[in-house]
Amino acid sequence: MIKFEHIGLRYGIGPEVLTDINFTLEPGSFHFLTGQSGAGKTSLMRLMYLGQRPTRGAINMFGHAINTTPRAALSEIRQKIGVVFQDFRLLNHMSSFDNVALPLRIKGTPEKQIKKDVTELLEWVGLGDHMDTLPNTMSGGQQQRVAIARAVITRPRLLLADEPTGNLDDEIGIRLLNLFEQLNKMGTTTVIATHDHHLIERFGYPRMVLDDGSLHIEKHGSWIRKKLEGVF
Amino acid sequence: MAGFGKLIFWRRRERMIGKASRSRRFDIALENAQGTGFLALLVGLMCFLVMIAVAASFALSAMSERWSSGLENKITIEIPAETANGDPRDKKTLTALSEQVQAMLAEIPNIKSIEPLSDADVSELVKPWLGEDLPLSDIPLPALISIETHNSDDANLDSLSVKLKNISGNIRLDTHEDWLLHLLRFTKTLQLTTFLISLIVGITTIIAIAGAVKARLAVLGEQIELLHLIGATDRYIAKQFQTYSFFVSLKGSIIGALVCGVFLLFIGMLFGDMAANLLPDFHLSFRQVMLLCCVPIIISFFAMMTARHTVMSALGKLP
Ligand SMILES: Nc1ncnc2c1ncn2[C@@H]1O[C@H](COP(=O)(O)OP(=O)(O)OP(=O)(O)O)[C@@H](O)[C@H]1O
Ligand SMILES: [Mg+2]
């Protein structure tokens with residue numbers, strides 16, 4: 001479903017941030033992406049949401065070899081990916097409702113459907129009273145929830161979330177991870193970049209660990225690992 | 001009471017702060033960007049200039065049409081009041097010659113009408129040159145015959161002048177062609193000038209709009225990148241700029257057109273009477289008015305396509 005082969009990335013003439021990344025994500029998988037600050041988590045995600053071309057290597061998304069896919073077709077692939085950006089990237093001139101509605105409008109969903117879906121989701125993330133509010137007058141945590149709602153509103157095939165719980169208290173962080181879990185159960189492949197070991201332990205999904213420009217993927221999550229360790 | 005009203009006003013304002021208006025037209029903050037008014041003003045001025053040029057061009061073509069209409073097949077035959085040697089011809093001789101010529105003309109099928117000018121007509125014609133007061137009867141006037149042909153190509157004219165030569169050597173054919181050609185060439189040049197002015201103004205407008213769109217692209221780069229990343233096609237993004245440019249230009253050019261209309265009416269009132277004697281009336285036909293009304297729409301359409309082209313080529317640089 002998602003395949004990275006010998007991917008390298010450098011910014012300008014700087015050193016390689018990512019060197020020889022190889023991995024495959026199966027449909028419906030759930031991973032936490034970890035690594036020290038500056039390890040390249042955001043950079044790897046940028047490659048995955050096609051916001052950046054790798055310096056070398058081949059990426060395959062949903063069966064399309066990205067190197068050879070025509071530009072026009074890339075938009076369609078991007079529409080299948082939901083992204084929670086580390087810095088949210090909300091549009092400050094429009095209401096939170098319109099921000100969340102944006103991916104649906106881009107896809108050409110009828111307004112009636114948009115109204116129903118967006119209202120429902122915003123209420124679910126606890127922003128039912130803030131539909132008309134402009135993002136730059138909201139708190140960091142509220143903005144983050146708008147960003148998450150925008151990423152999941154289309155039920156994407158791939159969800160990439162970069163530190164999605166960074167500004168949230170534990171309770172609401174867990175609530176949002178439950179939302180990601182629900183989406184994942186409906187088939188959305190999920191990658192969540194986080195520093196929060198607490199959260200990783202609690203949910204127990206396998207980790208993708210970035211270290212020194214290369215990536216290591218655990219086969220099993222912490223629960224299964226513990227069980228295996230216990231048995232043997 | 002007043003204080004209470006003010007309180008309600010403040011409460012409402014308080015609620016409005018941080019709230020988005022429900023009327024959302026663009027995903028990109030195009031309307032909030034600076035310079036929208038400037039762009040509209042610029043397009044308005046351009047529209048004004050183009051419309052003036054187009055109206056002038058219409059007036060010129062009406063003028064040349066009036067001058068040339070029917071003239072190309074009208075010929076004047078002049079029998080001078082003196083012979084080739086300079087001896088004066090008396091009234092009787094002139095009349096006899098004139099009748100002889102008319103009889104000859106009547107035989108030619110190509111001649112549509114023959115109209116000998118009376119002495120009074122001829123006097124009327126020469127009056128502006130000789131003055132009102134001169135006793136015209138004392139001046140030897142030529143005999144003039146105005147004819148209209150079906151076809152005045154060179155072969156016909158040549159055979160006609162040969163036949164006239166046979167009657168008398170110094171009878172002249174005046175085909176109006178020379179001065180008419182000069183006039184037409186002059187008006188054509190003027191029309192070409194107005195066309196060039198419109199063209200230059202048009203190109204300037206396009207460059208200005210492309211510049212304004214590029215400035216917007218730079219300022220709104222982050223929002224555009226976001227739309228791009230969540231799957232908006234180039235066409236979707238370009239459409240926003242297109243719509244924006246179209247409506248800003250339409251607003252500007254309609255104002256320009258209104259000002260131009262007032263200006264043309266004013267010109268008509270100022271110079272209408274004065275020019276009436278010299279020039280054909282400046283009234284525009286319905287079709288021409290419709291064409292003028294199309295100018296703002298055409299300009300807005302060009303603005304739209306310019307925005308589209310500029311945005312599409314800029315978006316091509318995104319990954
Ligand atoms: N746009 C860019 N231009 C140049 N260098 C960049 C750019 N983005 C990231 N880098 C560099 O790439 C490296 C990895 O950055 P990245 O943002 O991917 O790390 P990260 O793992 O997401 O860190 P954090 O946990 O702090 O978010 C850093 O050394 C950073 O300086
Ligand atoms: Mg990061």
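Throughout, a chain's letter reflects where its sequence line sits, starting with A, and its residues are numbered from 1.
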Item to check | Side chain / backbone / both / neither for E225(B) at chain A, heavy atoms under 4.5 Å | outcome: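 For E225(B), the contact with chain A is made by the side chain alone.
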
Next on the checklist: Does the structure place the NZ or CZ of R175(A) under 6.0 Å from the centre of the six-membered ring of W124(A), at an angle of no more than 45° from the ring's axis?
Outcome noted: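 Because its charged atom sits under 6.0 Å from the ring centre and within 45° of the axis, R175(A) does stack over W124(A).
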
Checklist entry - Relative to each other, are the rings of Y244(B) and F26(B) parallel, tilted or perpendicular (30° and 60° limits)? => result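 Perpendicular.
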
Next on the checklist: Pair I230(B), T154(A) - check side-chain contact (heavy atoms from CB on, under 4.5 Å), show working.
Outcome noted: CA-CA 11 Å; I230(B) 62 178; T154(A) 54; over 6 Å; no

Checklist entry - Is it true that a side-chain atom of N22(A) and a backbone atom of H6(A) form a donor plus acceptor pair closer than 3.5 Å? => result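 Pair found, side chain donor or acceptor close to backbone of H6(A).
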
Checklist entry - Does R157(A) count as lying over the ring of F62(A), i.e. NZ or CZ under 6.0 Å from the six-ring centre, within 45 degrees of the axis? => result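 Yes, R157(A) and F62(A) form such a contact.
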
Checklist entry - Nearest heavy-atom pair of L159(A) and V152(A): which atoms, and what distance? => result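 So the minimum-distance heavy-atom pair works out to CD1-CG1, 3.9 Å.
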
Checklist entry - Would you call the rings of F4(A) and F23(A) parallel, tilted or perpendicular, where under 30° means parallel and over 60° means perpendicular? => result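 Answer is parallel, since the angle falls under 30°.
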
Checklist entry - Is the closest side-chain heavy-atom distance between V83(A) and L229(B) below 4.5 Å? => result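 Answer no - side chains too far apart.
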
Checklist entry - How would you list, in number order, the residues of residues 249-260 of chain B that have a heavy atom less than 4.5 Å from chain A? => result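 Interface residues of residues 249-260 of chain B: none, nothing closer than 4.5 Å to chain A.
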
Checklist entry - Given the options M138(A), R53(A), R150(A), which has more heavy-atom pairs under 4.5 Å with chain B than any of the others? => result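 Heavy-atom pairs under 4.5 Å are most numerous for R150(A).
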
Item to check | Contacts with chain A made by residues 312-319 of chain B (heavy-atom distance under 4.5 Å), listed by residue number | outcome: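 The residues closer than 4.5 Å to chain A, in numerical order, are L315(B), G316(B), L318(B), P319(B).
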
Checklist entry - Please walk me through it: do N184(A) and Y205(A) pass side-chain hydrogen bond (donor to acceptor under 3.5 Å, both in side chains)? => result CA-CA 12 Å; N184(A) 176 247; Y205(A) 290 108; 4.8 Å; no

Checklist entry - Looking at R89(A), Q79(A), R71(A), which makes the most heavy-atom pairs under 4.5 Å with chain B? => result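 So the answer, after comparing R89(A), Q79(A), R71(A), is R71(A).
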
Checklist entry - Are any of the side-chain heavy atoms of T205(B) and F302(B) separated by less than 4.5 Å? => result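 Counting from C-beta outward, T205(B) and F302(B) never come under 4.5 Å.
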
Checklist entry - Any donor and acceptor pair, going by atom type alone, linking the side chain of R46(A) with main-chain N or O of Q52(A) inside 3.5 Å? => result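 Absent.
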
Item to check | Shortest non-hydrogen contact between T133(A) and D129(A), atoms and distance | outcome: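 Closest approach of T133(A) to D129(A): OG1-O, 4.4 Å.
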
Item to check | Side chain, backbone, both or neither of I81(A) within contact of chain B (heavy atoms, under 4.5 Å) | outcome: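 The answer is neither part of I81(A).
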
Checklist entry - Using non-hydrogen atoms only, which part of L227(B) is less than 4.5 Å away from chain A: side chain, backbone, both, or neither? => result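 Interface part for L227(B): both.
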
